[in-house]
Trainee: 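Could you have a look at this structure, given as structure tokens, before my questions?
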Amino acid sequence: MPDAPPTAAQLDIDPADPRYGFGVDIGGSGVKGAIVDLSTGELVGDRLKILTPQPATPAAVSETVGTIVDHFGWTGKVGCTVPAVVAEGTVRTASNIDQAWIGTDPYALFAQHVRAPAMSVLNDADAAGLAEARYGLSTEQLAGVVILLTLGTGIGSAVLLDGGHLLPNTELGHLQVGKTIAEKRAAASIKEANDWSYAKWAEELSRVLREYEKLFTPKLFVLGGGISRKTDKWLHLLDIATPAVPAVLRNTAGIVGAAMAAEQGLRP
Ligand code: BGC
């Protein structure tokens with residue numbers, strides 16, 4: 001691995017130093033991990049990305065997580081996201097990963113491959129929400145109900161209340177909107193698959209966001225995912241009543257939020 005990211009030792013970082021954490025973000029196409037400076041919310045050195053094993057079974061993916069953690073020589077706490085509902089120590093759904101995840105205990109699973117004194121496993125969008133609340137959004141922006149959405153292969157959601165308190169596992173991407181669920185209507189992947197213009201996609205996304213407005217009366221939408229890098233092309237096209245801003249942390253939010261969850265000992 002000639003251009004492999006530097007290890008904790010090379011960075012002169014002690015994994016026991018509470019200033020630093022480690023996050024892993026499991027996605028449909030890649031598993032990404034990095035050391036996080038929890039005082040700034042920034043990655044220290046580069047992240048390591050390994051293609052998600054196919055099929056993305058619990059055994060194969062957890063082995064990949066172990067490989068990433070080991071690469072960095074990380075021996076401290078580890079946070080890890082999954083694109084799924086995690087409640088009471090059990091993975092309850094599996095949208096873009098193998099169905100075999102459903103019903104698994106992720107802690108028992110990761111313990112076989114990850115040498116960490118403590119782990120936190122949580123939904124990927126929830127992790128992004130935690131990270132945006134701490135490092136991206138202002139105190140004013142965090143007043144009331146804030147809905148963060150990750151627009152990618154699917155739609156992930158994090159619902160935050162008064163200063164960034166997370167209501168976990170909201171799965172708003174699976175809300176039925178018209179004849180189809182929200183993420184099949186307006187995820188970034190749907191725009192791509194149908195070769196839609198930004199205008200057409202913004203129409204569909206607006207329809208979804210208006211449903212969320214009806215249910216939650218949010219003060220703010222925070223829109224993340226790769227497509228949030230190009231908000232100049234589409235944010236102004238949204239036909240909604242609520243202000244919407246692009247996510248600040250972009251593609252590091254999952255990793256950073258995972259590290260935060262481990263730091264806080266969160267186990268949704
Ligand atoms: C999953 C969510 C996940 C989102 C983004 C959805 O299909 O159901 O759990 O947060 O994709 O990865």
Side-chain angles (χ1 to χ4, degrees), residues 23-33 47 49 51-56 58 61 64-65 79-104 106 109 120-133 146-160 166-177 180-193 201 204-205 208-209 211-212 216 221-229 246-247 249-258 260-261 266-268:
V24 182
D25 192 19
I26 298 175
S29 59
V31 183
K32 294 148 271 174
R47 58 181 196 164
K49 176 177 173 177
L51 293 182
T52 308
Q54 298 300 337
V61 173
T64 303
V65 173
C80 188
T81 75
V82 281
V85 168
V86 188
E88 291 163 55
T90 305
V91 177
R92 297 282 176 86
T93 64
S95 292
N96 295 306
I97 46 174
D98 198 87
Q99 295 296 303
W101 280 88
I102 298 174
T104 57
L109 194 66
S120 280
V121 182
L122 75 169
N123 174 263
D124 54 2
D126 281 346
L130 290 177
E132 287 292 334
V146 174
I147 299 182
L148 171 127
L149 299 170
T150 58
L151 305 165
T153 310
I155 294 182
S157 62
V159 175
L160 303 163
L166 176 70
L167 172 65
N169 293 315
T170 43
E171 291 290 332
L172 298 187
H174 291 256
L175 185 77
Q176 188 85 21
V177 178
T180 169
I181 62 168
E183 71 176 11
K184 297 279 180 238
R185 182 179 280 283
S189 63
I190 303 296
K191 174 184 183 300
E192 196 118 310
W201 177 65
E204 295 295 336
L205 182 59
V208 165
L209 297 179
E211 287 299 315
Y212 300 161
F216 295 96
F221 284 117
V222 182
L223 303 175
I227 202 157
S228 68
R229 257 175 271 141
L249 278 85
R250 307 281 159 82
N251 62 358
T252 62
I255 293 175
V256 174
M260 276 176 69
L266 278 189
R267 282 189 166 218

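Nothing fancy with the numbering, it's 1 onward along the sequence. Fair warning: this is a prediction, and the values are worked out from it, not measured in the lab. Counting convention: from 1, in listed order, for ligands and their atoms alike.
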Trainee: Hey, what do you get for CG (Asn123) to OG1 (Thr93), rounding to the nearest 0.5 Å?
Mentor: 7.5 Å

Trainee: Distance to 0.1 Å, residue and atom name: give those for the protein heavy atom nearest to atom 10 (O) of ligand 1.
Mentor: Asp124 OD1, 2.5 Å

Trainee: Can you tell me how far the CD1 atom of Ile155 sits from the OG atom of Ser95, to the nearest 0.5 Å?
Mentor: 11.5 Å

Trainee: Would you check if the side chain of Asp126 reaches a backbone N or O of Asn169 as a donor-acceptor pair within less than 3.5 Å?
Mentor: yes

Trainee: Would Asn123 count as a polar contact of ligand 1, with the cut-off being nitrogen or oxygen pairs under 3.5 Å?
Mentor: yes

Trainee: Under a 4.0 angstrom heavy-atom cut-off, which atoms of ligand 1 come close to His174?
Mentor: 1 (C), 6 (C), 7 (O), 8 (O)

Trainee: Check ligand 1 against Glu183 and write out every atom of the ligand that is under 4.0 Å from a heavy-atom position of the residue.
Mentor: 6 (C), 7 (O), 11 (O)

Trainee: Taking all heavy atoms of Gly129 and all of Leu148, pick out the closest pair and write down the distance.
Mentor: N-CD2, 3.9 Å

Trainee: Report yes if the side chains of Ile97 and Val61 come closer than 4.5 Å at any heavy-atom pair, otherwise no.
Mentor: no

Trainee: How far is atom 9 (O) of ligand 1 from the closest protein heavy atom, and which atom is that?
Mentor: Glu171 OE2, 2.5 Å

Trainee: So which protein heavy atom does atom 4 (C) of ligand 1 come closest to, and at what separation?
Mentor: Gly156 CA, 3.6 Å

Trainee: At a 4.0 Å threshold, what atoms of ligand 1 neighbour a non-hydrogen atom of Asn96?
Mentor: 7 (O)

Trainee: Find all atoms of ligand 1 within a distance of less than 4.0 Å from any non-hydrogen atom belonging to Pro83, and give their numbers and elements.
Mentor: 1 (C), 9 (O), 12 (O)

Trainee: Do side-chain atoms of Ser189 reach the backbone of Thr153 as a donor and acceptor pair under 3.5 angstrom?
Mentor: yes

Trainee: Indicate yes or no: does an N/O atom of Thr150 lie under 3.5 Å from an N/O atom of ligand 1?
Mentor: no

Trainee: Does the N or O separation between Ala84 and ligand 1 drop below 3.5 Å for any pair?
Mentor: yes

Trainee: Tell me if the CD atom of Gln176 is crowded by more than 12 foreign heavy atoms within 6.0 Å.
Mentor: yes

Trainee: Look only at interatomic distance and state if Ser95 has a nitrogen or oxygen under 3.5 Å from any nitrogen or oxygen of ligand 1.
Mentor: yes

Trainee: Rounded to the nearest 0.5 Å, what separates atom CD in Glu183 from atom CG in Leu175?
Mentor: 11.0 Å

Trainee: Heavy-atom contacts with Ile155 under 4.0 Å: which atoms of ligand 1 show up? List them by number with element.
Mentor: 4 (C), 6 (C)

